Q: 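Input: one structure, supplied below.
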Amino acid sequence: MTEHIPDWQAICRIDDIPVLGARRVARPRGLEVALFRNADGGIFALLDRCPHRGGPLSQGIVFGTRVACPLHNWTIDLCDGQAHAPDQGCTPRFAVKVDNGTVYLDRHELATLATDQTRPGAGPARPAQSAQSAQSAQSAQSAQSAQRASAA
């Protein structure tokens with residue numbers, strides 16, 4: 001089995017990531033990667049998706065080597081992507097390298113890691129409605145409204 005040798009891609013300068021904050025990195029496929037910077041200057045990279053309900057971790061609060069998801073306050077470890085007890089779950093972690101103030105991510109991981117994950121849609125799920133059935137429902141509502149108006 002061949003060992004993967006990282007092909008590092010320069011992403012940004014370390015100063016482009018706010019201390020105790022994050023910066024999002026777009027990819028050709030899949031959700032963004034969130035680069036985090038803690039108070040000690042450590043740089044971490046996770047998929048920008050909480051394992052609980054898909055919240056954007058990049059909008060969370062960084063403390064130590066953890067980030068709190070902004071949706072439900074799940075705590076995710078920046079080193080390995082694991083949720084802290086009592087919560088369970090994991091978000092993918094990306095290899096990161098900092099050299100001479102430049103932050104690098106592995107080009108292969110950016111292209112292939114967790115590209116199938118999506119962010120959940122907002123609002124309640126509704127079954128798809130065809131244009132014809134939507135028009136029929138609208139006609140029925142109009143007829144009911146006309147009957148109520150004539151009865152009054």
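All residue numbers in this chain count up from 1 along the given sequence. Predicted model, so just to flag it, every value in this text is computed and none were measured.
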Q: Quick check: do F94 and L113 have side-chain heavy atoms less than 4.5 Å from each other?
A: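 Side chain of F94 against side chain of L113, heavy atoms only: contact under 4.5 Å found.
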Q: For the side chain of R37 and the backbone of D16, is there at least one donor-acceptor N/O pair under 3.5 Å apart?
A: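 Such a contact is absent between R37 side chain and D16 backbone.
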Q: Return yes when atom CZ of R53 has more than 12 non-hydrogen atoms of other residues, nucleotides or ligands closer than 6.0 Å, and no otherwise.
A: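 Counting neighbours around CZ of R53, 12 or fewer heavy atoms of other residues, nucleotides or ligands fall under 6.0 Å, so no.
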Q: Indicate if L20 and V67 have the same hydrophobic cluster label, given that clusters are the connected sets of ILVMFWY residues with side-chain heavy-atom separations under 4.5 angstrom.
A: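 In one cluster: yes.
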Q: Please check if the side chain of D48 supplies one atom and the backbone of E32 the other of a donor-acceptor pair under 3.5 Å.
A: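 Answer holds: no.
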Q: Mind listing the closest non-hydrogen atom pair of R29 and A111 along with its distance?
A: NH1-O, 4.1 Å
Q: Cluster question for you: counting only ILVMFWY and a side-chain heavy-atom cut-off of under 4.5 Å, with indirect links fine, are L57 and V62 together?
A: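 Looking at the clustering, V62 is in the same group as L57.
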Q: Look only at the side chain of N38 and the backbone of T65, and say whether a donor-acceptor pair between them is shorter than 3.5 Å.
A: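 Judged by distance alone, no pair lies under 3.5 Å.
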Q: Decide whether L31 and L110 are clustered together by the hydrophobic rule: side chain heavy atoms of Ile, Leu, Val, Met, Phe, Trp, Tyr closer than 4.5 Å, transitively.
A: yes
Q: What's the shortest heavy-atom distance between I76 and C50, and which atoms?
A: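 Result for this residue pair: CD1-SG, 4.4 Å.
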Q: Filter on side-chain hydrogen bond (donor to acceptor under 3.5 Å, both in side chains), then keep only pairs touching residues 89-102, sequence neighbours left out; what's left?
A: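 For residues 89-102, and leaving out neighbouring residues, the side-chain hydrogen bond (donor to acceptor under 3.5 Å, both in side chains) pairs sorted by first residue read R13-T102.
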Q: For residues R27 and V33, determine if any side-chain heavy atom of one lies less than 4.5 Å from a side-chain heavy atom of the other.
A: yes
Q: For R49 and T118, indicate whether the former's side chain and the latter's backbone hold a donor-acceptor pair under 3.5 Å.
A: yes
Q: Can you pull the ring-ring contact (aromatic ring centres under 6.0 Å, His included) pairs that have at least one residue in residues 22-63, sequence neighbours excluded?
A: H52-H72, H52-W74
Q: Is it true that a side-chain atom of D77 and a backbone atom of Q82 form a donor plus acceptor pair closer than 3.5 Å?
A: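 Judged by distance alone, no pair lies under 3.5 Å.
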Q: Cluster question for you: counting only ILVMFWY and a side-chain heavy-atom cut-off of under 4.5 Å, with indirect links fine, are Y104 and I17 together?
A: no
Q: Any side-chain heavy atom of H108 within less than 4.5 Å of one from D7?
A: no
Q: If you take all heavy atoms of D106 and P6, which pair is closest and at what distance?
A: OD1-CA, 3.8 Å
Q: Can you tell which of L78, I14, I11 makes a side-chain contact (heavy atoms from CB on, under 4.5 Å) with I43?
A: I14
Q: Which atom names give the shortest non-hydrogen contact between L35 and A45, and what distance separates them?
A: CD2-CB, 3.7 Å
Q: Between L105 and E109, is there a side-chain heavy-atom distance shorter than 4.5 Å?
A: no
Q: Are the side chains of L46 and P92 in contact, using a 4.5 Å heavy-atom criterion?
A: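 They are not in side-chain contact.
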Q: Is the number of heavy atoms from other residues, nucleotides or ligands within 6.0 Å of CD1 (I61) greater than 12?
A: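 Count not over threshold, so no.
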